[in-house]
Amino acid sequence: VKYSGQRELATEADLRVSSVCASIEQLLYHGITHHHTTTGAATQSQPPVSTIRQVTEYVSQGLQLGLSSDGNCSSGPPLPAQGAWQFLAGQLTAHEGARFLRLRHVSCDTGRVRAWIRSGLNEHSIERYFRILSSEISLLERCYEPWAFMRDEDKTVQLPQLAHGLCSIFFALIIDQSELCRGSQCRHDHSSSNRRASTGR
């Protein structure tokens, strides 16, 4: 099975890997509010490809997404990347937040969200952050609408387990490339958060 035994690196050349990234991005955007401010900084025994498929299908079905073959959302309005990045940055340490603000080829919040996702997969920290994010109830209530994916405890309780299954895969995803800003309103994003550094935990 591809990626089993960690013998092959998982990259976005594989459309299934691209779909995982897109699915995580979509769940972070789903139902996010536009007026909040932030403060503060599958099981391992399953075959890896099955885990990738499981994550993608779980999130896609939960959000009723239409993903195109390259893992991008096939329709819908522009995504609220600024709010999503503020939400994520509030959970990062100052050092972690600054790391994403200093990327040479990423100058927008859309790109920062995507870079954070890819970094989390590379470093196997997605599970830990899902646990942190889903436990911040008051923050979730400020940042997300009641109907948002991240406010649905029945769904979010499964995210760390699904992310744990991805830890058996060696990801090699590029986090600093201009393509991560594709589809964003870069000038607006850049001006809104170019100088924002997390002062979180």
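In this chain, residues are counted from 1 in sequence order.
Between E25 and R182 no salt bridge is recorded (no basic side-chain N to carboxylate O distance below 4.0 Å).
Grouping the Ile, Leu, Val, Met, Phe, Trp and Tyr side chains by contacts below 4.5 angstrom, directly or via other members, places I132 with F149.
Between the side chain of T11 and the main chain of A172, no donor-acceptor pair closer than 3.5 Å is present. At distances below 3.5 Å, at least one donor-acceptor pair connects side-chain atoms of T33 with backbone N or O atoms of R142.
Annotation for E153: atom CD does not count as buried by contact number, only 12 or fewer foreign heavy atoms lying within 6.0 Å.
Minimum heavy-atom separation, L28 to A84: O-CB, 4.2 Å. When every heavy atom of H105 is checked against every heavy atom of D176, the shortest pair comes out as N-OD1, 2.8 Å. Annotation for C21 and L173: closest pair SG-CD1, 3.9 Å, computed over non-hydrogen atoms. Contact record, I126 with I117: CD1-O, 4.0 Å, taken as the closest heavy-atom pair. The shortest heavy-atom contact between C181 and G111 is SG-CA, 4.1 Å. W85 and W116 make their closest contact through CZ3-CB, 4.5 Å (heavy atoms, listed as atom of the first residue, atom of the second, distance).
Using a 4.5 Å heavy-atom cutoff, the side chains of F100 and V113 are not in contact. Counting only heavy atoms from C-beta outward, the side chains of L92 and Y129 approach each other to under 4.5 Å. Contact check for F171 versus E123: no side-chain heavy atoms found under the 4.5 Å cut-off.
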Kindly indicate, with the supporting measurements, whether the criterion side chain to side chain contact (heavy atoms under 4.5 Å, CB included) is fulfilled by V17 and L121.
-> CA-CA 10 Å; V17 175; L121 291 172; 5.7 Å; no

_Checking L139 against Q91 for the side chain to side chain contact (heavy atoms under 4.5 Å, CB included) test, could you report, in this order, the C-alpha distance in whole Å, the side-chain angles of both residues, the deciding distance, and whether it holds?_
CA-CA 10 Å; L139 182 61; Q91 310 310 306; 2.6 Å; yes

- [ ] Start with the C-alpha distance between E179 and R118, add both sets of side-chain angles, then the distance that settles salt bridge (charged side-chain N to carboxylate O under 4.0 Å, His left out), and finish with yes or no.
- [x] CA-CA 13 Å; E179 286 79 3; R118 285 153 178 79; over 6 Å; no

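Using bins of under 30°, 30° to 60° and over 60° for the plane-to-plane angle, the ring pair F170/H124 lands in the parallel bin.
Listed by chain and residue number, nothing satisfies the side chain to side chain donor-acceptor pair (under 3.5 Å) test with Q177 (two or more places apart in sequence, or in another chain). Remark: R151 pairs with no residue by the side chain to side chain donor-acceptor pair (under 3.5 Å) rule, at least two apart or across chains.
Annotation: the span from R128 atom CZ to C167 atom SG amounts to 11.0 Å, rounded to 0.5 Å. Annotation: the span from H164 atom NE2 to F130 atom CZ amounts to 14.5 Å, rounded to 0.5 Å. A distance of 4.5 Å separates OG1 in T110 from OH in Y29, rounded to the nearest 0.5 Å. The CD1 atom of I24 lies 9.0 Å from the CG atom of L159; values are rounded to the nearest 0.5 Å. Atom SG of C143 sits about 9.5 Å away from atom CG of L88, to the nearest 0.5 Å. To the nearest 0.5 Å, atom CZ of residue R112 and atom CD of residue Q86 are 11.0 Å apart.
Here the rule is side-chain hydrogen bond (donor to acceptor under 3.5 Å, both in side chains) with S119, and of R99, E96, R114 only R99 fits it.
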